Amino acid sequence: MRMRPLAFAVALTLSASLAGCATTSPVSTVGATPAVAQGESSKAARLDALYAEYWEEVLKRNPVQATFQGDHRYNDQLPDFGSKQFRDESRAFTEQWLERIEAVGPAGLEGQALLSYETFVRDARNGLEGERFPGWMMPVNQMGSMVTYAVMLGSGTGAQPFKTVKDYDNWLARGNRLPVIIDTTIDNMRQGIKAGVVQPRALMVKVIPQIDAVVTDDASKSLFWGPIAKMPADFSAADKARLSAAYEDMIENRVMPSFRKLRAFINDEYLPATRESVGLDKLPDGAAWYAFNARNSTTTDMTPAQIHQLGLDEVARIHGEIRKVMAEVGFKGSLQDFFKFMQTDPRFSWKTEEALLADYRALEKRVNARVGEQFSLMPKAGFEIRAIEPFRAKSAAGGEYQSPSEDGTRPGIFYVNTYDLPTRKTWDAEDLYLHEAIPGHHFQLALQQELKGVPAFRRFGGETAFAEGWGLYSESLGKDLGLYTDPYSYFGYLQNELWRAIRLVTDTGLHHKGWSREQVIRYMLDNSAESETQATAEAERYIAWPGQALAYKIGELKIQELRARAERELGPKFDIRAFHAEVLKDGSVPLQVLEAKIDRWIAQSKG
């Protein structure tokens with residue numbers, strides 16, 4: 001799973017959260033550098049200038065986005081993203097830029113120029129369409145809140161840099177803004193209570209312990225004290241004393257009181273108003289809201305009902321493949337017996353967190369030794385493996401990937417969850433690594449950031465179906481990369497493919513068919529080898545992010561379909577390295593655009 005952009009950073013970037021279902025015209029893409037005919041070069045250049053101006057304004061309005069990109073000009077700024085004023089200004093901003101781009105028009109554009117134009121227009125229109133749904137009334141859930149996001153920035157281990165005195169002063173300015181953001185968060189949630197737009201109780205009870213884990217009376221014991229504890233030795237004594245006092249004052253007199261205020265509001269006022277239902281369709285206009293999310297997530301016109309049936313079909317197919325593994329290892333018993341065996345046999349568990357991390361780092365070496373056989377196009381950015389921070393591990397996924405910074409100072413990071421260690425299985429490691437790290441999210445997202453000659457909104461935006469579809473497709477490359485030699489590890493691949501198929505069933509079950517949280521967890525346990533801990537966390541993730549989990553399987557199936565088409569039509573001319581380069585070289589695109597692009601590549605390769 002890619003780490004989502006900070007929820008409080010309004011999606012002015014027209015990123016995956018605003019990706020739409022609008023059909024795009026066929027596009028001929030020819031690589032990372034725009035190739036435009038002489039007659040269109042003037043229009044393309046004018047649009048490129050507008051895109052550059054647009055992105056500069058995006059970063060000014062969304063300084064947190066800039067920080068995550070490695071652009072540190074605005075590291076001291078934290079707008080009140082959730083306020084009505086900011087939301088109104090954001091809508092006007094999108095409307096203005098859509099009008100300016102459409103005034104130029106697509107006539108005569110080709111290649112990257114047309115792809116950029118249509119992506120911008122589609123995403124802007126979709127962002128405006130999505131504003132009918134009041135997600136701003138539900139800014140807190142167990143997957144993220146201002147509290148957890150602030151710790152990720154201000155603890156000294158995330159995207160916010162702490163190398164210079166100016167860096168430390170930047171976070172002082174940002175951190176002192178947190179009470180304003182918390183007040184807006186509370187006000188928006190109160191409006192949600194009045195409108196009947198509230199979170200399920202099952203999610204919000206998980207938020208209280210998350211806040212409790214962060215709140216402390218002693219600044220020196222706070223996670224926000226990390227930068228002070230690790231202050232560079234070359235700071236002057238005066239700066240060290242000043243910053244230490246300022247951080248203590250900020251933490252104890254502004255940050256912690258605001259967090260306590262949010263905690264008290266959620267516990268005393270919001271929790272009693274939460275709902276027992278869990279489906280998005282149970283909210284006002286919720287059925288349309290979920291259908292919109294499904295289209296956004298998959299970049300298709302598939303309905304929730306069609307997606308649900310596809311999931312059921314895939315679950316049945318993968319169960320058949322798992323039965324083949326059972327026969328190979330000589331297992332006697334039912335599918336459910338095999339799932340239980342895979343979950344409970346001690347041979348599949350790590351004894352320590354250090355052993356788990358060591359195995360993942362060994363995987364990195366094994367994959368790197370073979371990856372050149374499958375890929376000619378690889379990112380320049382660095383890469384490393386870390387454990388997910390303890391304060392958020394309980395509700396986090398099994399693995400997450402955070403993109404590198406644009407300036408190269410922060411590598412791509414594969415975060416591995418070591419919480420509840422007995423539930424983390426050795427047979428899951430190879431598959432998870434391929435998805436989150438190499439050649440999955442690290443290759444796709446880092447390469448996208450490194451594209452030359454394309455607008456920044458494409459380099460730093462993206463389509464969930466493409467990115468997560470690529471991650472899941474990458475899992476299928478294990479045998480080609482020297483992995484899955486053990487049938488139990490190959491089961492891990494099948495189990496995770498099964499899990500993504502189950503997502504199609506359960507996400508639509510929750511938000512379209514009226515399934516309960518408990519019904520979803522039971523379906524997961526009955527049909528897969530996931531632990532109850534993981535099943536519960538995943539079910540609650542789908543409740544918190546309706547539709548997001550649909551993207552994986554839909555995207556993977558499309559990439560597999562296109563590869564099979566290319567192999568069939570090109571025969572001996574098919575080159576897997578060239579196919580992978582063609583899929584990745586233009587960054588994340590809607591699935592319809594990907595299909596048109598691969599069809600053109602097939603036609604060119606035949607010649």
Side-chain angles (χ1 to χ4, degrees), residues 1-4 16 359-386 388 396-404 411-417 427-451 462-484 489-490 492-501 503 548-549 551-560 562-563 576-577 579-589 591 594:
M1 180 182 74
R2 293 177 300 158
M3 292 187 72
R4 282 186 144 206
D359 279 359
Y360 275 101
R361 290 175 178 131
L363 270 176
E364 180 182 0
K365 294 180 181 178
R366 289 175 61 193
V367 171
N368 284 347
R370 298 281 301 273
V371 75
E373 298 171 16
Q374 294 288 309
F375 291 88
S376 59
L377 187 62
M378 299 184 228
K380 300 174 184 175
F383 169 81
E384 65 181 60
I385 300 169
R386 299 182 188 174
I388 289 178
E400 298 174 342
Y401 175 77
Q402 179 178 301
S403 301
I413 301 169
F414 170 34
Y415 284 97
V416 185
N417 200 336
W427 47 256
D428 196 36
E430 293 181 358
D431 175 85
L432 184 62
Y433 180 85
L434 293 173
H435 181 110
E436 299 292 344
I438 298 171
H441 287 327
H442 179 61
F443 267 31
Q444 189 266 309
L445 292 169
L447 280 169
Q448 179 171 301
Q449 282 193 182
E450 293 169 9
L451 288 176
E463 310 287 350
T464 306
F466 182 96
E468 297 296 0
W470 175 260
L472 185 50
Y473 168 80
S474 296
E475 299 174 27
S476 71
L477 302 178
K479 289 190 176 182
D480 294 325
L481 293 169
L483 305 184
Y484 303 157
S489 288
Y490 185 62
Y493 160 62
L494 293 173
Q495 154 67 13
N496 281 290
E497 189 183 25
L498 173 63
W499 191 248
R500 277 41 171 260
R503 285 176 172 173
Q548 188 269 350
Y552 298 70
K553 193 65 181 168
I554 301 297
E556 179 234 11
L557 288 173
K558 177 56 67 176
I559 296 172
Q560 294 281 20
L562 295 175
R563 174 174 170 169
I576 189 60
R577 286 159 45 100
F579 173 78
H580 288 153
E582 188 65 30
V583 172
L584 292 174
K585 71 178 184 180
D586 298 312
S588 174
V589 295
L591 297 183
L594 176 65

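Please read all numbers here as calculations on a predicted model, not as lab measurements.
In this structure the side chain of Y473 reaches within 4.5 angstrom of the side chain of Q560, judged on heavy atoms. Residues W427 and Q495 meet the side-chain proximity criterion, which asks for heavy atoms closer than 4.5 Å. In this structure the side chain of H580 reaches within 4.5 angstrom of the side chain of W470, judged on heavy atoms. Side-chain atoms of I576 and R563, non-hydrogen and from C-beta on, do get closer than 4.5 Å to each other. Residues H435 and Y552 form a side-chain contact, since some pair of their non-hydrogen atoms from C-beta on lies under 4.5 Å apart.
Distance check: E497 CD to L557 CG gives 7.5 Å after rounding to the nearest 0.5 Å. Between the CD atom in E400 and the CD1 atom in I388 there is a gap of 4.5 Å [rounded to 0.5 Å]. Going from atom CG of D480 over to atom CD of Q374 covers 4.5 Å, rounded to the nearest 0.5 Å. Atom CZ of residue R500 and atom CD1 of residue I554 lie 13.5 Å apart, to the nearest 0.5 angstrom. With values rounded to the nearest 0.5 angstrom, R366 atom CZ is found 10.5 Å from L481 atom CG. Interatomic distance, OH of Y490 versus CG of D431, reported as 11.0 Å (0.5 Å rounding).
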Test salt bridge (Lys or Arg N to Asp or Glu O under 4.0 Å) applied to K553 and E468, step by step: CA-CA 8 Å; K553 193 65 181 168; E468 297 296 0; over 6 Å; no
Residue pair L472, I559: steps toward the side chain to side chain contact (heavy atoms under 4.5 Å, CB included) verdict: CA-CA 10 Å; L472 185 50; I559 296 172; over 6 Å; no
Would you please test F375 and L477 for side chain to side chain contact (heavy atoms under 4.5 Å, CB included) and show each step? CA-CA 11 Å; F375 291 88; L477 302 178; 3.9 Å; yes
Run the side chain to side chain contact (heavy atoms under 4.5 Å, CB included) test on E556 and E475 for me, step by step, so that the C-alpha distance in whole Å, both residues' side-chain angles and the decisive distance to 0.1 Å come before the verdict. CA-CA 10 Å; E556 179 234 11; E475 299 174 27; over 6 Å; no
Stepwise, does the side chain to side chain contact (heavy atoms under 4.5 Å, CB included) test hold for L434 with Y484? CA-CA 11 Å; L434 293 173; Y484 303 157; 3.5 Å; yes
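Under the side-chain hydrogen bond (donor to acceptor under 3.5 Å, both in side chains) criterion, R361 pairs with no residue at all, not counting sequence neighbours. Among residues two or more places apart in sequence or in another chain, the side-chain contact (heavy atoms from CB on, under 4.5 Å) test is passed with A581 by S376, L377. Residues forming a side-chain contact (heavy atoms from CB on, under 4.5 Å) with E364 (at least two apart in sequence, or on another chain): N368, F383, I385, Y433.
A pairwise comparison of heavy atoms in S588 and E463 identifies OG-N, 2.6 Å as the closest pair. Among all heavy-atom pairs drawn from A446 and A381, the shortest one is CB-CB, 4.2 Å. Listed here is the closest heavy atom pair of Q449 and P404: NE2-O, 2.9 Å. Closest of all the heavy-atom pairs between S489 and E430 is CB-OE1, 3.5 Å. Here the closest non-hydrogen pair linking L447 and P379 is CD2-N, 3.5 Å. Here the closest heavy-atom approach between residue H441 and residue A467 is recorded as CE1-O, 3.3 Å.
With respect to F414, the ring-ring contact (aromatic ring centres under 6.0 Å, His included) criterion is satisfied by exactly one of Y360, Y401, F443: Y360.
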